[in-house]
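To start, the structure itself, in structure tokens.
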Amino acid sequence: MKKKRIAFVASECQPFFTSGGLGEVIGSLPKRLISESNKEFEVSVYLPLYASISKDMATKLKFIDSFTVDLSWRKQYCGIYQCSYKGVKFYFIDNEYYFKRDKLYGYFDDAERFAFFSKAVIEVIIRLKEYPNIIHCHDWQTGMVPVYLRTHYYYKNEFKQLKRIFTIHNIEYQGIFSQDNNFIEDVFGIDKNDSYLLEYHGMLNIMKGAIETSNIVSTVSPSYAEEIKDAAFAHGLEDIIKKASLEGKVLGILNGIDYEFYNPETDKNIVSKFNSDNIENKKINKTYLQKEIGLKEKNVPLIGMVTRLVAHKGLNILSKCCEQILQKDLQMVILGTGDEYFENFFKDLENKYPDKIKTILAFDQGLARRIYAGCDLFLMPSASEPCGLSQMIASRYGTIPMVRVTGGLKDSIKDFSLECGNGYTFEGMEPNSLKEMVFRALDDYKNDDWNNKIKKVMQIDFSWDKSAKVYLDLYKKILM
Ligand code: GLC
């Protein structure tokens with residue numbers, strides 16, 4: 001039987017370059033799809049070639065070809081690099097003008113950069129004659145792929161059967177740009193007759209265009225797929241999502257995490273390896289972490305957070321009750337960067353309570369692992385959370401999650417008051433509810449049963465096993 005080909009298109013991927021959860025998913029799901037499908041499917045991943053690619057990985061790339069891609073009246077260079085890594089084929093789109101920059105995103109011409117990327121991916125597919133059965137695009141940076149397939153390539157026989165899936169990892173980032181100066185035509189090269197696909201509320205909205213032109217719109221948890229029909233979560237896209245839902249094309253599949261990459265038995269970033277039969281060793285990691293971040297080495301509950309310091313991660317709620325929480329006998333560590341307001345707020349708290357809380361303003365993957373491994377509790381009070389991976393990673397390292405009931409947190413963590421409980425939860429936006437949840441956990445910490453809770457949490461399966469199968473069922477269904 002001929003293998004079916006899936007093309008993943010994304011703007012980041014571990015271990016090449018990543019800024020967060022999206023990169024982790026793109027770095028871990030394809031290889032699981034290949035192994036779970038018994039090689040019935042092959043998966044290639046298309047990425048931009050950023051200058052920030054890790055040195056190790058850069059040496060693996062092979063140049064294959066170069067040609068010119070048209071973007072409206074512009075003719076842009078496109079180099080193609082390739083490598084195979086853990087059974088997955090990766091293609092990199094090279095153009096230094098667009099991608100030789102310090103950061104992945106955040107530039108005035110992001111719309112143009114990622115429209116170029118999207119068009120180049122389609123052109124590379126054509127040039128190499130590697131036509132996929134399914135093209136699976138992730139987040140707005142790749143949203144122009146299904147749009148161009150509709151507007152520029154609809155006539156091509158090789159694309160007639162192609163199914164288009166668009167996955168929303170976070171609806172907050174839609175790729176919204178001003179429509180001034182005839183942007184859609186002049187930069188994207190999209191005809192006036194088709195520009196309605198991208199227009200929304202007087203702006204140009206790439207995610208909207210992707211939703212309209214895809215066969216399936218998925219998101220990263222079933223609860224979030226429901227929530228984004230609601231204005232409170234959809235950042236203005238609720239009507240588009242509702243319409244797509246009525247067409248039966250919206251669904252949610254919970255992410256998994258890479259169980260090889262996150263493994264407390266082998267993790268080189270932590271000083272003492274452990275598993276659920278050997279949680280005594282976890283304590284050594286706690287002592288090491290306390291020393292590393294400058295907290296006293298003592299036996300009080302240590303609460304960790306690894307997060308972007310932004311409102312939707314629940315820092316508004318936390319900032320209103322954190323000081324009360326710090327009155328208890330406990331320690332806290334927060335790792336992340338983000339809004340200046342929150343950075344200052346939690347630094348100020350550290351100055352006021354230096355032996356209780358440490359705020360480390362950095363993106364440090366090694367320290368993140370030591371926090372996952374060394375803490376007792378992990379806090380995620382997110383106001384919204386499409387999926388969230390940290391609660392799963394913390395669980396894998398025996399650090400008990402405390403979460404707000406929303407999106408993927410709701411689908412992955414149940415309160416210990418239920419028989420299937422694997423963490424602590426609170427509902428609503430009241431700081432008091434968050435505080436009470438933390439106090440419940442602190443009380444339980446004193447009980448003999450605590451080690452059993454750690455074991456229970458570590459034994460929950462958050463690997464890709466289940467979800468990779470769900471994706472494969474979806475692929476098979478839409479190809480029928
Ligand atoms: C985004 C979401 C996060 C999700 C990740 C991977 O970063 O905010 O909730 O886990 O994408 O899908």
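In each ligand, atom 1 is the first atom listed, and ligand 1 is the first ligand listed.
The residue from Y98, F99, F117 that alone fulfils the ring-ring contact (aromatic ring centres under 6.0 Å, His included) condition with Y50 is F99. Shown are W140, F188, F114; of these, the ring-ring contact (aromatic ring centres under 6.0 Å, His included) with F177 is made only by W140. Shown are F8, Y173, F166; of these, the ring-ring contact (aromatic ring centres under 6.0 Å, His included) with H138 is made only by F8.
Below 4.0 Å from some heavy atom of L389 lie the following atoms of ligand 1, by number and element: 10 (O). Atom numbering of ligand 1 starts at 1 in the shown order; those under 4.0 Å from a heavy atom of V220 are 12 (O). Under a 4.0 Å criterion applied to the non-hydrogen atoms of V25, ligand 1 contributes the atoms 6 (C), 12 (O).
Checked by distance only, ligand 1 and G388 come closer than 3.5 Å through their nitrogen or oxygen atoms. Backbone and side-chain nitrogen or oxygen atoms of K313 are examined, and none is located within less than 3.5 angstrom of a nitrogen or oxygen of ligand 1. Taking distance alone, with nitrogen or oxygen atoms compared against 3.5 Å, H169 approaches ligand 1 more closely than that limit. At least one N or O atom of C387 sits closer than 3.5 Å to an N or O atom of ligand 1.
Using a 4.0 Å cut-off between charged side-chain N and carboxylate O, D109 and R101 make a salt bridge. Under a 4.0 Å N-O distance rule, the pair E199/K208 does not qualify as a salt bridge.
Proximity of G408 to ligand 1 is not established, as no heavy-atom distance is less than 4.0 Å.
Side chain of K282 to main chain of Y397: a donor-acceptor pair is present (N/O by atom type, distance under 3.5 Å, no hydrogens or angles).
Atom 6 (C) of ligand 1 has N255 ND2, 3.3 Å as its closest protein atom, hydrogens excluded (heavy atom only). Taking atom 9 (O) of ligand 1 as the reference point, the nearest protein heavy-atom neighbour is E385 OE2, 2.6 Å. Among all protein heavy atoms, the one lying closest to atom 8 (O) of ligand 1 is N170 ND2, 3.5 Å.
Classified by interplanar angle (parallel below 30°, tilted 30° to 60°, perpendicular above 60°), the ring pair F90/Y85 is tilted.
Donor-acceptor pairing under 3.5 Å is lacking for the side chains of T18 and E24.
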